[in-house]
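Keep in mind it's a predicted model, so treat the numbers as computed, not measured. Naming: A, B, ... by sequence-line order, numbering from 1 per chain.
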Protein chains: 2
Amino acid sequence: MAAEAPPIQRRKARRNAAAVSGKVTLQQVAAAAGVSSATVSRILNGTAIVSDDKRAAVFEAIEQLGYVPNPVARGLAGGRTLSIGVVTQAIDSPFYSGALRGIEDTLSAAGYSPLFVSGQWNATHEARCIETLRSRRVDGIIVLTGRLSNAALAATARELPVVVTGRKLKASGLFALDFDNFEGARLATHHLLALGHRRIAFISGDLKHLDGSERLRGYRSALAAAGVRLEPVMELPGDFTEASGLAAVERLIDSREPFTALFAANDQMAFGAALALHRRRMRVPDDVSLVGFDDLAGSVYSVPPLTTVHHPVYELGQLAAESMLQLLAGEKPALELPPPRLVVRETTRQLRT
Amino acid sequence: MAAEAPPIQRRKARRNAAAVSGKVTLQQVAAAAGVSSATVSRILNGTAIVSDDKRAAVFEAIEQLGYVPNPVARGLAGGRTLSIGVVTQAIDSPFYSGALRGIEDTLSAAGYSPLFVSGQWNATHEARCIETLRSRRVDGIIVLTGRLSNAALAATARELPVVVTGRKLKASGLFALDFDNFEGARLATHHLLALGHRRIAFISGDLKHLDGSERLRGYRSALAAAGVRLEPVMELPGDFTEASGLAAVERLIDSREPFTALFAANDQMAFGAALALHRRRMRVPDDVSLVGFDDLAGSVYSVPPLTTVHHPVYELGQLAAESMLQLLAGEKPALELPPPRLVVRETTRQLRT
DNA sequence: TTGTACGCGTTATCAG
DNA sequence: CTGATAACGCGTACAA
């Protein structure tokens, strides 16, 4: 036993050094295991059946040497980089960052790495982002609510798998994951109607996006179903930012148009609206009821906590990533997001009569 | 002229096809330009001086063919992947996402791509993340407030450039970008003292992190300087989350210890604190003054807008990325974050006497 | 089942 | 200044 000590120590030392420097090659593993490099590769990728003894020898060698495959070389040789491009609009938006985490969690669990790029709400920039991702040879691209045209998306889907959220679209090699924004907005508006409100103003998001237009449609639909007349003055334009929500409410108040409730197309605008109401000395929910959309992490802790429509952003990211994995595996994804759900907190109350 | 039309068209067509498929190789460019591939490489990387005519011919060919270099092959051959690993704790945290944007902006402007991974406040997981990044052959690693030991960080800095934020540390190949949390906390506490407050409670963050402990130190220092006795009961433990801020304030109120002001070690805990006060029917700032730390994007729109210490997170990301670029260029970074700055908004007021 | 040999697209090292 | 040519580390036809 004692005689064997030195070799063992040496092996251990080498292993640590290797694990840190990451410089052990597949070739070295093959040599140590007494097989060809092709066999090692086959074992690693499950490309072919290998005899059990060689298999064991290879794993032994991998363990001893602390071998870690080099994804760069893999990418060059095999064409697969095990990385997925993710096009987001603003990486620091409270809305998207939740989705990004969902994507990262499920992608990394599958051995893939996400490559995030920000499109910055600009179609041209977005196209450039996709070019960058393609030049980096990503295996697929996930687009979170892009500005890119459906045609452009379908075109890149012909080259590599694409998963897109926030729009409806069918094309080969592409999967669209959509959330029922219409129903969510209907739910929110219905809630206010059920509380007795009739003068319900709506702060819309960017109508160029499906999210924005669908939420407006849901609002209108609910009002119509309740027999409440649609009034253009009650539809305030916004762009999904807090500032636009604040501005919209100030304009509404200045117009002296009576209203008892406010539905903002997203939580951020609802926050802006709440501040505007506060500035004008109108209390929430005593004077005005307020509903948001998205259920951001911070909405639970706003004062008072915001009633809103839950949008499962984390799950959105997870499902987008899972769909991509399925696309990569040659399967046809059919995942669906859970239906929207109203979360009643403390910014809404029965209309005083 | 007319005779030349066909070739031009053909060239155009080929160029488009190439730009989309991204399959034109450096070899093809070399062939088209009538030079060797080495020359093309040299021109692209500025590795050596090349005659003007060949240079022009190569650029002409690149343009015609729509050549885009392949970073994967580059990574294999040259060892540089033009990608930087970024270890963050929670990609969806409002605090870190701002920094991530700063990093992405300046990195991509320099032709680098960031590779984000989440350490999830877990040293073991963080170490694994770094292994992943190294296996992907990133050219450097930026660590945002990690849990990793200084020793571990210094060790990886021996292998490749490292930039770390949120701690003080000197080592070769490593640059630490620190923010003056002590001074920021001192500023905030001083502000409350200047308003006449004496019973100022402090909700601390995770004291295992330098951010947390330094802010506590700043709070104590300001009190001491004003001759106010430090009372352990006024120092409430927290962990940087909204929930912990809420719990801390509820405990404080239940203890019936009198207090007129509250300083939370970050904005998220301040939000939690504000909600707790609201629940207990204590008004901000009329009954209690409240100060946060970080100046998150949402703090401007909280109701009422939060007085807080501005922490330049976006710049933090920018500077971290710039430092990394300098490290990569063989320079010695000496960038510094701007000093902390108190942003007085509407949650603090003169103590009523 | 296994090994040989070539190719992936660049960079780097030599000569010239 | 420029051109062959050898790496870089791995996947994969092809052959055995």
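Between its two ends, the helix from dT1(C)-dA16(D) to dG16(C)-dC1(D) turns its axis by 40°, counting five pairs per end and rounding to 10 degrees.
Counting non-hydrogen atoms under 4.0 angstrom, Val35(A) reaches the backbone sugars and phosphates but no base.
In terms of modelled atom types and a separation under 3.5 Å, the side chain of Gln326(A) and the main chain of Glu331(A) share no donor-acceptor contact. At least one donor-acceptor pair under 3.5 Å links the side chain of Ser108(A) to the backbone N or O of Glu104(A). Side chain of Arg101(A) to backbone of Ile91(B): no donor-acceptor contact under 3.5 angstrom is found.
Looking at Arg137(B), its side chain has no donor and acceptor atom pair within 3.5 Å of the base of dG9(D). Counting atom types as modelled, Arg80(A) pairs no side-chain N or O with a base atom of dG11(D) as donor and acceptor under 3.5 Å.
Distances from the side chain of Ala38(B) to the nucleotides dA4(D), dA7(D), dG9(D) place dA4(D) closest. Counting only heavy atoms from C-beta on, Ala73(A) has its side chain closest to dC10(D) among dC10(D), dT1(C), dG9(C). Comparing atom distances between the Arg42(A) side chain and each of dC8(D), dT2(D), dA13(D) picks out dA13(D) as nearest. If you check dG3(C), dT1(C), dG9(D) against the side chain of Ser36(A), the one that comes closest is dG3(C).
The shortest distance between side-chain heavy atoms of Tyr67(A) and Leu44(A) falls below 4.5 Å. Taking the side chain as every heavy atom from C-beta outward, Pro114(A) and Ile84(A) never approach each other to under 4.5 Å.
Side-chain N/O atoms of Ser41(A) include none lying less than 4.0 angstrom from OP1 or OP2 on dT12(D). A sub-4.0 Å separation between OP1 or OP2 of dG3(D) and a side-chain N or O of Thr39(B) is present. For Asn45(B) and dT11(C), the shortest distance from a side-chain N or O to OP1 or OP2 is below 4.0 Å. At the phosphate of dT11(C), OP1 or OP2 sits under 4.0 Å from a side-chain N or O atom of Arg74(B). Phosphate proximity of dG9(C) to Thr25(B): absent, as no side-chain N or O sits under 4.0 Å from OP1 or OP2.
Comparing Leu76(A) and Ile49(B) by the nucleotide of DNA chain D that holds the closest heavy atom to each, the one mapping nearer the 5' end is Ile49(B). Judged by closest nucleotide on DNA chain D, Ser51(B) is the one of Gln27(A) and Ser51(B) placed further toward the 5' end.
We find that CZ of Arg55(B) is positioned 13 Å from C1' of dC1(D), with the value rounded to whole Å. Summarising the geometry, the separation between CG on Leu44(A) and P on dC10(D) is reported as 9 Å, rounded to the nearest angstrom. When rounded to the nearest whole Å, the span between CD1 of Ile43(A) and C1' of dT12(D) equals 16 Å. Protein atom CG of Leu65(A) is 14 Å distant from nucleotide atom P of dG9(D), rounded to whole Å. As rounded to whole Å, 15 Å separates atom P of dG7(C) from atom CD of Gln28(B).
Asp53(B) CG: more than 12 foreign heavy atoms inside a 6.0 Å radius.
Residues Leu177(B) and Leu316(B) share a closest heavy-atom pair of CD2-O, 3.8 Å. Ser149(A) approaches Arg167(A) most closely through the heavy-atom pair C-NH1, 3.8 Å.
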